[in-house]
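To start, the structure itself, in structure tokens.
Atoms within each ligand, like the ligands themselves, are counted from 1 in listed order.
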Amino acid sequence: MQLFDTLSRERKELRPSDGKTFRFYCCGPTVYGPAHIGNFRTFVLQDVFRRTLETGGTPTLHVRNLTDVDDKTIRDSQAAGQTLKAFTDKWRDKFHTDCEALACLAPHIEPSAVEHIPQQIAMIEKLIEKGNAYASEDGSVYFRISSFPGYGKLSRLDERELDLGKTQATRANSADEYEKDSISDFVLWKSRREDDGENFWSSPWGEGRPGWHLECSAMIEEYLGNSFDLHSGGEDLVFPHHENEIAQSKCACGGNFAEHWFHPTHLLVDGGKMSKSKGNLYTIADLAEKGFTAMEVRYVLIGAHYRKQLNFTLDSLAGAKEALAKLAKSAAKLAENMGGETALPSADFGVFQPAWDALNDDLNTPGALGGIFTGLREASKLTGKDAAAALAGLNRILKALGITLPEISQATTDIPADIQQLADTRWAARSSKDWASSDKLRDELTAKGWAMKDGKDSYELTKL
Ligand code: AMP
Ligand code: ZN
């Protein structure tokens, strides 16, 4: 499989460095509320990435953390009047439910920041020992970015921006998230403050809590060592989060850290950034309320290439519903055409080979979806064993994309002969632009309890 690498700006062939298992790390959710469909664009694409490797015969080790202590989790747990643990456990469980509905495979290891405080403290101690970090008077500890010459390579910081990094950090400017114009030494350990409430731990520098960037470095060292195959997160994590992870890990542990970086671009909604105030920050639950399944959401999320912008609209969800129904019908037809034959075991994709090739070509998910529809047109001519082989190929490529097809409703399969005839007559009238008859026949169908939906080349009948 070939994939673009953010660090080298090149497409590279992916191979497990240990010759066996492809070991990769994804920055996980901050569990302080329901994840939104933007977050899920990233998680679903990471899932398709993993499934593609596995379908191609490469076993994986997928590590994804839970951020359960940071500025936001502490702030919102206090606002909710709950302990940090009760609060983050609740949102973790909700995240898992959504992931399952979206058919995202659970990571093999899902460590949490709070469960790895000793490892984080040990990493800070190493960094201080090696001269890469310093404690300040108030008991906070900072990473000295001038001590790491590679700082800024991933996000291509220029000289001017690195110059800004000469500012010394203080507890006052040690927010977990910041922009390029406020680069400074960044915080590894935050000394205890009153608004942290009960959320503090003892350390050699006094009570406090870890800074956000440190947790991934510590958990990566624990589960993947100092060199591993790939690291991923949404594009917003390139700077500062991943830049800081590289600095901490390389200075503390040596090694190459990640061999490859995979950063899907951000999801837009209605052409802009999602925001609560615009009312377009959708969760899976919000969309379920509007009548859309998580699988339909998944279909939309993989509908654009991960390096291109994806603009999410409710119309695109309606389109996904139609596409999935069409796929389900074609698959059912293919099964019918098998006439009782079964496919011989094989790892072939048959007429779906172009779809599979697209996935292996920089994870081209829209190309794969297109290839499925083209393959189905070819497969519709096949019968017996050939149809069986095509169906097996279809199931293999759907599994790689993590798509499960909806049940075909009785309404669309068992259409009474008189209804079918009426619909055919109406379609003929419509095709010859006899709009009056077409409208009249549609009314007749409606009166008999059937809705006729016109497509470009065919129509669909559903029971009202
Ligand atoms: P968070 O829960 O904020 O830590 O984010 C979890 C993951 O979602 C990270 O990999 C983010 O980069 C990613 N993410 C956040 N917003 C979006 C978005 N609008 N589109 C795609 N990915 C996003
Ligand atoms: Zn991370």
Side-chain angles (χ1 to χ4, degrees), residues 6 24-49 62-73 75-76 88 91-92 94-96 98-99 102 104 107 110-113 116 120 123 154-155 176-177 186 188 210-224 228 230-249 257-258 261-276 278 280-284 297-298 300-312:
T6 317
F24 72 107
Y25 184 91
C26 300
C27 294
T30 309
V31 278
Y32 72 115
H36 53 65
I37 53 170
N39 302 132
F40 282 123
R41 179 182 197 209
T42 295
F43 294 129
V44 163
L45 286 167
Q46 289 163 343
D47 184 64
V48 178
F49 162 76
H62 177 194
V63 184
R64 186 181 66 208
N65 70 304
L66 292 163
T67 297
D68 54 359
V69 54
D70 77 330
D71 299 345
K72 293 184 287 195
T73 44
R75 179 196 67 203
D76 289 5
T88 56
W91 291 115
R92 175 203 58 201
K94 178 79 186 96
F95 175 69
H96 287 162
D98 285 348
C99 282
L102 283 161
C104 289
E110 193 177 46
S112 100
H116 293 77
Q120 297 183 68
M123 187 168 267
L154 180 71
S155 54
D176 283 331
E177 290 172 69
F186 61 89
L188 299 169
W212 170 49
H213 307 292
L214 186 63
E215 61 177 71
C216 292
S217 284
M219 291 186 261
I220 285 172
E221 187 193 8
E222 175 96 1
Y223 298 104
L224 297 169
F228 58 104
L230 179 138
H231 195 321
S232 178
E235 62 177 343
D236 59 314
L237 299 190
V238 175
F239 180 86
H241 185 57
H242 287 162
E243 204 69 81
N244 293 354
E245 279 187 29
I246 294 172
Q248 294 159 161
S249 293
F257 199 52
W261 290 89
F262 169 45
H263 290 112
T265 57
H266 262 197
L267 176 82
L268 301 179
V269 175
D270 302 325
K273 248 188 124 153
M274 268 181 293
S275 76
K276 271 192 186 140
K278 280 196 249 162
N280 63 7
L281 198 147
Y282 297 120
T283 64
I284 298 298
V297 176
R298 182 175 177 109
V300 172
L301 294 178
I302 63 175
H305 190 265
Y306 77 89
R307 286 207 273 149
K308 298 233 169 82
Q309 248 165 13
L310 167 60
N311 182 29
F312 188 96

Checking the N or O distance criterion of under 3.5 Å, is ligand 1 in contact with D236?
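Among all N and O atoms of D236, at least one is under 3.5 Å from an N or O of ligand 1.
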
Do you know the tightest heavy-atom contact between [X] and [Y]?
| X | Y | value |
| --- | --- | --- |
| E215 | L66 | OE2-O, 3.9 Å |
| P264 | G233 | CD-O, 3.4 Å |
| N65 | G28 | OD1-N, 2.7 Å |
| Q46 | S232 | NE2-OG, 2.8 Å |

Sub-4.0 Å atoms of ligand 1 with respect to non-hydrogen atoms of [X]:
| X | answer |
| --- | --- |
| L237 | 9 (C), 10 (O), 12 (O) |
| M274 | 19 (N) |
| P29 | 2 (O) |
| G233 | 10 (O) |

How far is [atom] from its nearest protein heavy atom, and which residue and atom is that?
| atom | answer |
| --- | --- |
| atom 17 (C) of ligand 1 | H266 NE2, 3.2 Å |
| atom 7 (C) of ligand 1 | F43 CZ, 3.7 Å |
| atom 21 (C) of ligand 1 | G38 O, 2.8 Å |
| atom 10 (O) of ligand 1 | G234 N, 2.9 Å |
| atom 15 (C) of ligand 1 | N39 ND2, 3.1 Å |
| atom 2 (O) of ligand 1 | T30 N, 2.9 Å |
| atom 22 (N) of ligand 1 | T42 OG1, 2.7 Å |

Is atom CD of E235 surrounded by more than 12 heavy atoms (other residues, nucleotides or ligands) closer than 6.0 Å?
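For E235, atom CD is crowded (more than 12 foreign heavy atoms under 6.0 Å).
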
Residue portion contacting ligand 1 (non-hydrogen atoms closer than 4.0 Å) for L267:
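Both backbone and side chain of L267 come within 4.0 Å of ligand 1.
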
Residue portion contacting ligand 1 (non-hydrogen atoms closer than 4.0 Å) for K273:
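It is neither part, as no heavy atom is under 4.0 Å.
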
Nearest-0.5 Å distance that lies between atom CG in L281 and atom NZ in K273
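One finds 11.0 Å between CG of L281 and NZ of K273.
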
Quick one: CG on L230 to CZ on F228, what's the gap to the nearest 0.5 Å?
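Reported to 0.5 Å precision, the distance equals 8.0 Å.
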
Does G28 reach ligand 1, in the sense of a heavy atom lying below 4.0 Å from it?
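True for this residue.
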
Tell me, with the steps shown, if Q248 and I220 meet side-chain contact (heavy atoms from CB on, under 4.5 Å).
CA-CA 11 Å; Q248 294 159 161; I220 285 172; over 6 Å; no

Determine the sole option in Q309, K308, R41, R307 for which the side chain to side chain donor-acceptor pair (under 3.5 Å) test with T265 is passed.
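So, applying the side chain to side chain donor-acceptor pair (under 3.5 Å) to T265 and each of Q309, K308, R41, R307, only R41 qualifies.
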
So, using salt bridge (charged side-chain N to carboxylate O under 4.0 Å, His left out) as the criterion, who are the partners of R75 when residues are at least two apart?
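R75 satisfies salt bridge (charged side-chain N to carboxylate O under 4.0 Å, His left out) with no residue once adjacent residues are dropped.
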
Which residues and atoms, counting only protein N, O or S, are under 2.8 Å from the Zn ion (ligand 2)?
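Short answer, with waters excluded from the count: C27 SG, C216 SG, H241 NE2, E245 OE2.
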
Parallel, tilted or perpendicular for F186 and H213, by the 30°/60° rule?
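Ring orientation of F186 relative to H213: perpendicular.
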
If the plane angle is over 60° it's perpendicular, under 30° parallel, otherwise tilted; pick one for H241 and W212.
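Judged by the thresholds at 30° and 60°, the geometry between H241 and W212 is parallel.
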
Y306 and ring-ring contact (aromatic ring centres under 6.0 Å, His included): which partner among F262, F49, F43?
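Of the listed options, the one satisfying the test is F262.
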
